[in-house]
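Below: one structure, written as structure tokens.
We count ligands from 1, going down the list as the structure has it; atoms in each ligand are counted the same way. Quick caveat: nothing in here was measured; it's all calculated off a predicted structure. Hydrogens, waters and symmetry mates play no part in the numbers below; they use all other heavy atoms, side chains included.
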Amino acid sequence: MESEDTFSAATVNFIFTVTLTLTLTSSVNLSVTAVLAWTAKMSSSPQEPLAAWTSQVLSYVAMTLSLAVLLKYLLTARVPENIPPFPAKPYPILGHVTYFKDGMRKPLIEWAKSTGELFSLYFGSDLVVILNSHDVYHKAFVKHADTLSDRPKSLAGDIGGEDPNKGILFASGPVWKEQRSVSIQILKSFGMGKNILAPKISEEVSTYLETLSQLSGQPSDVRTLTQTAIANIICSIVVGKRFEYHDMHFTKFIQKFEQLARLNQSASLYPLFPWLRHLPGDFFKAKERIHLYKYIVDHFCCESIKKTISAGSGDGKENFISAYFQEKRRQDDKGQATTLDEENLARTIYSLFAAGIDTTSTFILWFMLYMVHYPHMQTQIFAEISEKVGLERSPDMNDKTKLDFINAAILETLRISMAPLSLPHISRADTTINGYTIPAGTTVIANLESIIRSADSFKDPEQFRPQRFLDVHGKFIQPENFSLFGVGRRSCPGESLAKMELFLFLTSLLQRFELQPATPSELPSLDPQQGVVYSPRPFQVRLVARRGFEDTH
Ligand code: HEM
């Protein structure tokens, strides 16, 4: 329901786009008229100065543009009633975006402290509500899941004229519901959530470690290698095979995913000003982002589907793609209406890769960095592995409950390093939280950093201290209210896969190598780079083989 006092962003953008189009059309008109008139005058009176005509055109353009801007401001300046408070005054036209010239992180954390559990912002003309405590996060996405589980269309932006309501990540309503539930059902049938997926992950871990050992302890940037190893696990489920680390075709896609993840921060402002796409240039790098997205979907996701189809339908057990088609056939045979089709499948594959590679591989890099900064914790983890697993075999999932310290160190690294914002949700109808109204059409985002790193939840939240997750006997405690994987209907469907990957990669890594800085006197920065998740700045690390593991390659 649209509030009486306000206009929807779509209406405003429509009026603004029409006004801008009229401006541009009238400018062209005026320019042509001016040139014609000037040419005519020149032939009768060559002394008439050009400047007078050009200045007339320019003043018309300036006048109409100012009118358009003013109109947009007047239409958006009316604030809906009873919304959560503003932490600072919104500026005309841009709203609170002006406060983010040095990034969103600091202002959001400051405002959470000064304004409280939830506050409102204007991103251009779009109202956005930020959730800052676990209590309101839970109320919004669990208690009010019926109204707050959709995604804003703007999350996908304009993906080159394609319908953004496809796949899982960007989709809403019945399409999202079916793609998500069928995907979870297939992932479970391939062993997600059970230890039967572990041997597949362990195979990739041992190839990854072999490749790391070939670096012979030399300072190296292992980002691409780590991303490729993590992508291979999703690949082995989705397309039924892994790729060699030197496969140029595959690493090209990994790099495209990486570029896209880094661009998402600058491109995220683009949906607020969609009319910019009609102008030359590439504001907020939005066109580059759309190009990368389409490239990955067309050349990787669609190609993988085509290859699976041409290899024959199979029994649905070969890979995710054939299982998806098997489910579609089952529904077609029953005469059931379904959204399962090739386009949704391509975007679902994209969702799994986009959501699964950057998050998990970035976390592994953060863990390496923290271990380089805290060598005594590496020693403690290695001692625990040596005692409880030994050095003759690699750790497996049965060791998980025995290795308390590394479980605590993984959780502490998750807590301290990665969390920026949840993905945006949008309210389908007016929703009341803590007495405030969140009007229909409002974007709602959880500030995970404030939620899981607040002093209310953890003592000395800025300190890296895995011991906070151990009890007095040194046993690992899984805390309540620790929701880095999201809560409610949109929570991460890859959580159990990610946790298994992190445990197997990191225990095996520390069993085999000691992680040292590239230059002993200079520790790499712990200051994060913005993106969908915070990621470490490029760094080099030396992976020195531990005794007994020196000669294995
Ligand atoms: C350390 C690793 C990971 C973290 C921290 C993480 C965290 C998250 C978070 C916070 C969300 C958003 C929840 C929301 O919108 O409220 C999410 C969504 C999602 N994640 Fe993960 N994730 C991780 C790994 C994975 C993996 C390995 C996969 C799949 C293979 C995956 C697939 C997805 C998908 C498809 C969504 C979208 C769900 C939807 O829109 O319904 N994630 N994840």
TODO: Using distance alone, determine whether Arg180 and ligand 1 share an N or O pair under 3.5 Å.
DONE: yes

- [ ] Determine whether the aromatic ring centres of Phe464 and Tyr370 lie less than 6.0 Å apart.
- [x] yes

- [ ] Between Leu497 and ligand 1, find which residue part has any heavy-atom pair under 4.0 Å and reply side chain, backbone, both or neither.
- [x] side chain

Task: Tyr137 N/O under 3.5 Å from ligand 1 N/O - done: no

Open item on the list: Please verify the inter-ring angle class for Phe458 with Phe469; under 30° counts as parallel, over 60° as perpendicular, anything in between as tilted.
Closed with: perpendicular

Below 3.5 Å, can you tabulate the donor-acceptor pairs from side chains in residues 139-146 to any protein atom, sequence neighbours excluded?
| unit_1 | atom_1 | unit_2 | atom_2 | d |
| --- | --- | --- | --- | --- |
| Lys139 | NZ | Asp135 | OD2 | 3.0 |
| Lys139 | NZ | Asn434 | OD1 | 2.7 |
| His144 | NE2 | Thr432 | O | 3.3 |
| Asp146 | OD1 | Arg489 | NH1 | 3.1 |
| Asp146 | OD1 | Arg489 | NH2 | 2.7 |

TODO: Starting from atom 37 (C) of ligand 1, locate the nearest protein heavy atom and write down its residue, its atom name and how far away it is, to 0.1 Å.
DONE: Leu169 CD2, 3.7 Å

Task: Sequence neighbours excluded - salt bridge (Lys or Arg N to Asp or Glu O under 4.0 Å) pairs with any residue from residues 351-367 - done: Arg262-Asp358

Open item on the list: Would Arg151 count as being in polar contact with ligand 1, using the rule that some N or O on each side must be under 3.5 angstrom apart?
Closed with: yes

Task: Arg490, any N or O under 3.5 Å of ligand 1 N or O - done: yes

TODO: Answer with yes or no whether Lys499 contacts ligand 1, where contact means a heavy atom under 4.0 Å from a ligand atom.
DONE: no

- [ ] State, without any angle test, whether Thr224 and Gln255 hold a side-chain donor-acceptor pair at a distance under 3.5 Å.
- [x] no

Task: Every N, O or S from the protein that is nearer than 2.8 Å to atom 21 (Fe) of ligand 1 - done: Cys492 SG

TODO: With atom 16 (O) of ligand 1 as the reference point, say which of Arg489, Met500, His425 has the nearest heavy atom.
DONE: His425

Open item on the list: Tell me whether the rings of Phe250 and Phe243 are parallel (<30°), tilted (30 to 60°) or perpendicular (>60°).
Closed with: parallel

TODO: Sort and list the pairs that fulfil side chain to side chain donor-acceptor pair (under 3.5 Å) and have at least one residue in residues 230-241, not counting sequence neighbours.
DONE: Glu204-Asn232

Task: Tyr208 side chain to Thr226 side chain, donor-acceptor N/O pair below 3.5 angstrom - done: yes

- [ ] Distance to 0.1 Å, residue and atom name: give those for the protein heavy atom nearest to atom 10 (C) of ligand 1.
- [x] Leu484 O, 3.3 Å

Task: salt_bridge(Arg330, Glu327) N-O dist < 4.0 Å - done: yes

Open item on the list: Before you tell me yes or no, could you show the steps for Tyr293 and Tyr350 under ring pair (Phe, Tyr, Trp, His ring centres under 6.0 Å), namely the whole-Å CA-CA distance, both residues' side-chain angles and the distance that decides it to 0.1 Å?
Closed with: CA-CA 9 Å; Tyr293 173 83; Tyr350 174 84; 4.6 Å; yes

TODO: Would you tell me whether Tyr324 and Gln179 have side-chain atoms, one donor and one acceptor, within less than 3.5 Å of each other?
DONE: yes

TODO: Compute the shortest N/O to N/O distance between Trp176 and ligand 1 and return yes if it is under 3.5 Å, no if not.
DONE: yes

